[in-house]
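Quantities reported herein were computed from a predicted structural model and do not represent experimental measurements. Within every chain, numbering begins at 1; the chains are lettered A, B, ... in the order of the sequence lines, protein sequences first and strands thereafter.
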Amino acid sequence: MVGYLRKKTYICSLDAIDTKHQKGNRIMEQMNEKQQEAVCHTKGPLLILAGAGSGKTRVLTHRTAYLIDKMGVNPYSIMAITFTNKAAGEMRQRIDEIVGFGSDSIWVSTFHSTCVRILRRHIDFLGFDTNFTIYDSDDQKTVMKDICKRLEIDTKIYKEKFFLSVISSAKDSLINPEEFTLNAQGDFQKQRQSRVYMEYQKVLKANNALDFDDLIVKTVELFMANKEVLDYYQERFQYIMVDEYQDTNTAQFQLIKLLAGKYKNLCVVGDDDQSIYKFRGANIYNILNFEKEFPSAKVIKLEQNYRSTQNILDAANGVIANNISRKDKALWTKNEVGEKVAFHQFDTAYDEADYVAGDIISKVRNAKYEYKNCAVLYRTNAQSRLFEERFIQSNIPYKIVGGVNFYSRKEVKDLLSYLKTIDNARDDLAVKRIINVPKRGIGATTLTRIADYASEKELTFYTALRSAEEIPGLGRSSSKIAPFVLFIQVMRTKLEFLSISQILEEIIEQTGYVAELEAEDTIEAKARIENIDELLTKVVSYEESAETPTLSGFLEEVALVADIDSLDESNDYVVLMTLHSAKGLEFPQVYLAGMEDGLFPSYMSIASDNPTEELEEERRLCYVGITRAKENLSISCARQRMIRGETQYNRVSRFVKEIPKELLEGEIRKEKELEIPETPVYQKAKSAFKAKPMALTQAQPKPFVSVNTGNKILDYAIGDTVKHVKFGTGIVKQIMEGGRDFEVTVEFETAGTKKMFASFAKLQKQ
DNA sequence: TTAAGTTAAGTTTTT
DNA sequence: CTTAACTTAA
């Protein structure tokens, strides 16, 4: 099939590996013993437990080179799977550098794109059309909403999101609707869920669509159902490597197991300490039980860290040591001790953002770092806003990774829906989305009539549109539909001789999409136009990079990108992202912000049914965060923070206290800590939310009000002058009663009006 | 049918 | 505080 492989008969037998004999060997240079061992173990299952920064990507790429150059393996038979396109791209690049000839026939891609590639060829076997569309979470929600309506489920009680998560976790563990139904017997709740699941799959099938989970599930189904196809791929992929193995779910594991079933040359690389996707179905037992699943498996631990300073590594080790369920390992490094870990506690989240911005500026000014050497990491996307504001003020170039995916922005999705409809009008969702964008005077009533007609005749929505005049009850609305259908049809014929970018430009032109936004003349509209321009840029670059650019090809590529993929190291900007997105990356200077109990670890994990397990996952996330830093780590938190418009008072994250004290620069103020009552503050914040304000009028004539707060007594009332340790004197304006505490609003003479918890603020009556 | 206006609900983390 | 969803008037 492929005639260009370099045949070399050099055989590296497993037990004959002696590093001394490998001297002068380019592949083996700069590798420690363990790494070399991993590179040379090419036959049979291999589990590489690679600690953070232990050079696992280097091992994988060198192993690939070794397979080709030394073992004479055809590049065509090698597959490497990662989780993100970015990781795949990086690996591809590094493999290209080291392998050189023939490297482009190696499959380096994500789980999802691997599956898409397979399904595009064979999914017709499962009754889908090979030009299926991929639904993102927005689309899923739309489908689910519709289903709930039809099944008469009150979405006030049962949220769409809930059903979607039930379905998703079922799929993650390879439970199909039929099996789910069987398991649901006798359980009323589950029976309802199974009906929804059934219906959901039916709708997707009718729309010739797959969701993200389906991509994996359907591929597994295909392999199980079609021996020939499985055989073909087993024969093709004789050497399989999986990166970030700790994040695989049951379905993905099954997929790999099937693929590697024949030759069993499966090499997986992972770190159980960096497993942070349990919420997405990642099954930690895939790594913990690898040896049980593959009894002949060889296990190699990579424990030497090449990334971080000793101090940073010790801090990380100190934290992760508190996890009970983990494989034993001890990371060490030859790197220098380095700076201590900086710790700062601020009064407010604004101060925290100020500090980070200021610190970055001074480090850049002193030529210590460039912007791109710095990263700000946080637990939740919402935290990015404060930093963004400050960075704009301070003129710091930045890039925020995550949040709303570029391709799920409204304007981008609208235009993509046009492209989808032109490409393949079987996706009802896309057609419905754009039929009245821009406004064509086609409203809800018309849509329902068409949809009813379509389902009655078993047509797709678009086919129904084409024969609109036959639909009863439409009346003059059908005349409004005709131009739309005509437009789509015309564009389809133009697809023959126009490029994708020209098609997109014509859509923008004909629909007046941008013109409409220009007329709006708001900042928001301008941002949308910019996004549309960016989309055009992406189309053009796709056309330039793809061998044979097709509209379907573009849409497919677009469906599977994550925001992290757009990160470009050549640009000099500070990167802001969640801890989850940061996995796999490294920066000389890292700011870990918002290290507060209730925020990180999140309130959800502390209050969950299984706090131990969830806290361990949060701790792993913290470990990931710390180990991103190469030279400098700065940890910060705020006493007071606005969350959902409410002021919260959080104590320093428990994870900070797990870092050995001697590694920290800057103190965790102990006195403050002791004052914090037994009841965790976030609970008070929660109960205060439901609190009712004590009416101002009620408090007069101002008697001595003493209120029991559980462990404290308020000796002041509204109108009293009080003194605060930091803010000085002020007048009590309002007292809100919470479950266990009081939220007091005080107008200070100098510090302005503040809201604070009574037991926390220690106000002194004057 | 649309646009504006009001109200309710929501924040972990993502391919 | 923000966004989505719902209501009402034109």
Side-chain angles (χ1 to χ4, degrees), chain A residues 81-88 109-116 134-138 140-142 145 155-156 159-161 164-165 168 171-172 210-217 244 247-249 251-252 275-282 349 377-386 401-405 407-408 410 436-447 476-477 480 524 558-565 577-584 594 598-608 614-615 617-618 620-622 624-625 641-648 682 686 689:
Chain A
I81 302 186
T82 62
F83 273 83
T84 65
N85 294 299
K86 183 177 158 56
S109 62
T110 64
F111 268 103
H112 295 270
S113 29
T114 301
C115 289
V116 170
I134 300 163
Y135 276 180
D136 65 16
S137 42
D138 256 17
Q140 288 179 286
K141 208 181 159 194
T142 313
K145 219 173 136 187
T155 49
K156 288 250 163 63
K159 299 265 180 296
E160 295 97 329
K161 263 171 87 179
L164 284 171
S165 72
S168 178
K171 287 179 178 175
D172 286 345
L210 301 182
D211 63 21
F212 285 131
D213 300 316
D214 279 338
L215 294 176
I216 317 285
V217 172
E244 305 284 10
D247 290 329
T248 50
N249 61 35
Q252 288 160 337
S275 156
I276 53 174
Y277 284 111
K278 207 182 86 194
F279 72 93
R280 207 170 68 189
L377 310 182
Y378 36 75
R379 180 66 237 269
T380 66
N381 277 309
Q383 288 166 258
S384 66
R385 278 180 65 147
L386 281 180
V401 175
V404 186
N405 187 328
Y407 291 103
S408 41
K410 185 171 160 286
N436 204 27
V437 178
K439 301 274 179 300
R440 297 188 176 91
I442 303 164
T445 354
T446 316
L447 282 178
R476 40 185 202 289
S477 296
K480 293 172 183 166
E524 204 193 312
V558 146
L560 294 173
V561 301
D563 210 40
I564 189 79
D565 300 334
M577 64 188 140
T578 63
L579 288 152
H580 281 89
S581 314
K583 199 183 58 168
L599 187 62
F600 186 36
S602 78
Y603 163 70
M604 298 285 259
S605 63
I606 301 170
S608 79
E614 300 219 0
L615 272 170
E617 174 132 332
E618 296 275 308
R620 290 193 292 270
L621 194 53
C622 181
V624 168
R641 180 183 295 275
M642 284 276 268
I643 291 171
R644 296 219 307 258
E646 282 291 315
T647 313
Q648 280 196 16
Y682 52 84
K686 211 181 156 202
F689 184 70

What's the CG-P distance between A/L215 and B/dT14, to the nearest Å? 19 Å

Aromatic ring pairing A/H580/A/Y277, orientation class (parallel under 30°, perpendicular over 60°, tilted between): tilted

With A/S384 via side-chain contact (heavy atoms from CB on, under 4.5 Å) - residues at least two apart: A/Y378, A/I400

If you only use heavy atoms from C-beta on, which nucleotide in B/dT15, B/dT12, B/dT13 is closest to the side chain of A/T578? B/dT13

As a check on the pairing definition, encode DNA chain C in dot-bracket form, counting Watson-Crick and G-U wobble pairs whose two distances are under 3.5 Å, and using | for partners outside this strand. ||||||||||

Round to the nearest Å and state the distance from A/N381 atom CG to B/dG10 atom P. 18 Å

Quantified in whole Å, what is the C1' atom distance between nucleotide B/dT11 and nucleotide C/dC6? 22 Å

Mind checking what makes salt bridge (charged side-chain N to carboxylate O under 4.0 Å, His left out) contact with A/K86, not counting sequence neighbours? A/E90, A/E569

Residues which pass side-chain contact (heavy atoms from CB on, under 4.5 Å) with A/V401, listed by chain and number, not counting sequence neighbours: A/D563, A/I564, A/L567, A/V575, A/M577, A/S581

Separation of A/D172 atom CG from B/dT13 atom C1', in whole Å? 15 Å

For nucleotides 7-10 of chain C, give me every protein contact, N/O to N/O, under 3.5 Å, one pair per line with atom names.
none

Among all residues two or more places apart in sequence or in another chain, which pass the side-chain contact (heavy atoms from CB on, under 4.5 Å) test with A/D172? A/S168, A/D213, A/N249

Those residues that, when tested against A/E614, pass salt bridge (charged side-chain N to carboxylate O under 4.0 Å, His left out) (two or more places apart): none

Applying ring-ring contact (aromatic ring centres under 6.0 Å, His included) to A/F83 and not counting sequence neighbours gives A/F111

Does the ring of A/F279 lie flat against the base of B/dT13, closer than 5.5 Å centre to centre with planes under 30°? yes

Which nucleotide in the list B/dT12, C/dA5, C/dC1 gets nearest to the side chain of A/M604? B/dT12

Output all residues satisfying salt bridge (charged side-chain N to carboxylate O under 4.0 Å, His left out) with A/D138, sequence neighbours left out; order by chain, then residue number. none

